[in-house]
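Take a look at the structure set out below.
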Amino acid sequence: QLQLVESGGGLVQPGGSLRLSCAASRFNLDYYTIAWFRQAPGKEREGVSCIKSRGGSTNYADSVKGRFTISRDNAKNTVDLQMDSLKPEDTAVYYCAAERDFRITTVQSMCVMREYEYEFWGQGTQVTVSS
């Protein structure tokens, strides 16, 4: 069973940066599409970004384009989410999720962040953007 662990959350001021990591033991994340989702208090969980396996394409929600960057660190077996220019509305619990490529819908070769298509989930890490 693939187990995911998120890290890197915390409290940051508006305009600041955080880097989240999604790690797994015993399974090579490079063989999976990895997505980041987030859930703010009182709101539904939403997709933030995803990256296909083995150097595949990436995709971002409109709300984070130009501010967030998803990437793989194969040496560490992690998928990271670099979050810059953070806003209070980015405050949420951030989750990483994984699934094999063939089970993920793609649009123009880009992964799509449909929550129900991802089988493996981490426990989440809290990100709070506040002054």
Side-chain angles (χ1 to χ4, degrees):
Q1 180 83 357
L2 175 60
Q3 294 182 325
L4 303 174
V5 178
E6 302 95 338
S7 63
L11 173 64
V12 64
Q13 291 186 341
S17 298
L18 281 176
R19 189 176 184 88
L20 306 183
S21 286
C22 176
S25 59
R26 299 188 295 118
F27 289 86
N28 187 340
L29 288 182
D30 202 31
Y31 291 106
Y32 292 83
T33 291
I34 305 297
W36 284 94
F37 292 82
R38 67 185 181 186
Q39 187 167 22
K43 294 188 177 181
E44 294 186 353
R45 191 151 53 184
E46 63 175 353
V48 175
S49 182
C50 58
I51 184 168
K52 292 179 67 177
S53 70
R54 284 165 283 186
S57 58
T58 59
N59 195 12
Y60 297 90
D62 288 342
S63 58
V64 305
K65 277 181 183 176
R67 300 189 298 123
F68 290 12
T69 304
I70 192 170
S71 62
R72 294 185 181 274
D73 186 334
N74 290 334
K76 296 181 179 178
N77 196 31
T78 63
V79 173
D80 299 334
L81 185 69
Q82 177 66 39
M83 306 187 297
D84 298 319
S85 302
L86 283 162
K87 304 175 181 179
E89 51 263 44
D90 294 318
T91 295
V93 177
Y94 283 71
Y95 301 88
C96 67
E99 188 51 89
R100 298 303 295 265
D101 278 2
F102 68 90
R103 292 180 174 167
I104 299 299
T105 298
T106 58
V107 175
Q108 296 180 338
S109 299
M110 293 188 296
C111 47
V112 173
M113 294 157 280
R114 293 179 179 174
E115 186 177 343
Y116 59 85
E117 292 185 347
Y118 291 82
E119 179 179 358
F120 305 103
W121 290 80
Q123 294 300 307
T125 185
Q126 176 70 47
V127 172
T128 303
V129 185
S130 175
S131 55

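Remember, it's a predicted structure, so these values are computed and weren't measured experimentally.
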task = Work out which heavy atom in Ala61 is nearest to a heavy atom in Gly47; give both atom names and the distance.
result = CB-O, 3.4 Å
task = Using a 4.5 Å cut-off on heavy atoms from C-beta on, say whether the side chain of Glu115 contacts that of Tyr95.
result = no
query = Parallel, tilted or perpendicular: which describes the rings of Phe120 and Tyr32, with under 30° parallel and over 60° perpendicular?
reply = perpendicular
Shortest non-hydrogen separation from Gly124 to Val93 and the atoms involved = CA-CG1, 3.9 Å
message = Just verifying a value: how many Å separate Ser57 OG and Lys52 NZ, rounded to the nearest 0.5 Å?
response = 5.0 Å
request  = For the residue pair Val129 and Met83, establish whether any side-chain heavy-atom pair is separated by less than 4.5 Å.
outcome  = no
Minimum side-chain heavy-atom gap Leu20-Glu6 below 4.5 Å = no
query = In terms of side-chain geometry, is the basic nitrogen of Asp62 or Lys65 positioned less than 4.0 Å from the acidic oxygen of its partner?
reply = yes
task = Applying side-chain contact (heavy atoms from CB on, under 4.5 Å) between Thr105 and each of Glu117, Met113, Met110, report the one that passes.
result = Glu117
ask   = How about Thr69 and Thr58: do any of their side-chain heavy atoms sit closer than 4.5 Å?
value = no
query = Is there a path from Ile51 to Val112 through hydrophobic residues (I, L, V, M, F, W, Y) whose side chains come within less than 4.5 Å of each other?
reply = no
query = In terms of hydrophobic clusters joined by side-chain contacts under 4.5 Å, are Leu18 and Val79 together?
reply = yes
ask   = Within a radius of less than 6.0 Å around CD of Glu44, do more than 12 heavy atoms belonging to other residues, nucleotides or ligands occur?
value = no
request  = Could you tell me whether the side chain of Leu11 reaches within less than 4.5 Å of the side chain of Ser130, counting heavy atoms only?
outcome  = yes
ask   = Quick check: does any side chain N or O of Ser49 sit under 3.5 Å from a backbone N or O of Asn59, one acting as donor and the other as acceptor?
value = yes
remark   = Taking every heavy atom of Leu2 against every heavy atom of Ala98, the minimum-distance pair comes out as CD2-CB, 3.6 Å
Arg38 (side chain) donor-acceptor with Thr91 (main chain) under 3.5 angstrom = no
key: Within 6.0 angstrom of Gln126 CD, more than 12 heavy atoms from elsewhere   = yes
note = Nearest heavy-atom approach of Asp30 to Ser53 is O-CB, 3.1 Å
ask   = Can you hop from Ile34 to Val127 via hydrophobic side chains spaced under 4.5 Å?
value = yes
ask   = Does any N or O in the side chain of Glu119 come within less than 3.5 Å of the main-chain N or O of Glu99, such that one atom is a donor and the other an acceptor?
value = no
For Asp80 against Asp73, the heavy-atom pair lying closest together = OD2-CB, 4.1 Å
inquiry  = Determine whether Leu86 and Phe68 satisfy the following criterion, side-chain contact (heavy atoms from CB on, under 4.5 Å), listing intermediate values before the conclusion.
reply    = CA-CA 9 Å; Leu86 283 162; Phe68 290 12; 3.8 Å; yes
ask   = Hey, what do you get for NZ (Lys76) to OG (Ser21), rounding to the nearest 0.5 Å?
value = 7.0 Å
query = Are Leu81 and Val12 connected in a single hydrophobic cluster, I mean Ile/Leu/Val/Met/Phe/Trp/Tyr linked by side-chain heavy atoms less than 4.5 Å apart?
reply = yes
query = When the aromatic ring centroids of Tyr118 and Phe37 are compared, is their separation below 6.0 Å?
reply = yes
message = Could you check whether Asp101 pairs with Arg54 (Lys NZ or Arg NE/NH1/NH2 to Asp/Glu carboxylate O, under 4.0 Å)?
response = no
note = For Asn77 and Leu29 the tightest heavy-atom approach is OD1-N, 2.8 Å
ask   = Side chains of Asp84 and Gln82: is there a donor and an acceptor less than 3.5 Å apart?
value = yes
Leu4 CG to Cys22 SG distance, which is reported to the nearest 0.5 Å = 4.5 Å
key: Same apolar cluster: Phe27 and Val5, side chain cutoff 4.5 Å   = no
Straight-line distance of Ser7 OG to Tyr94 OH, nearest 0.5 Å = 15.0 Å
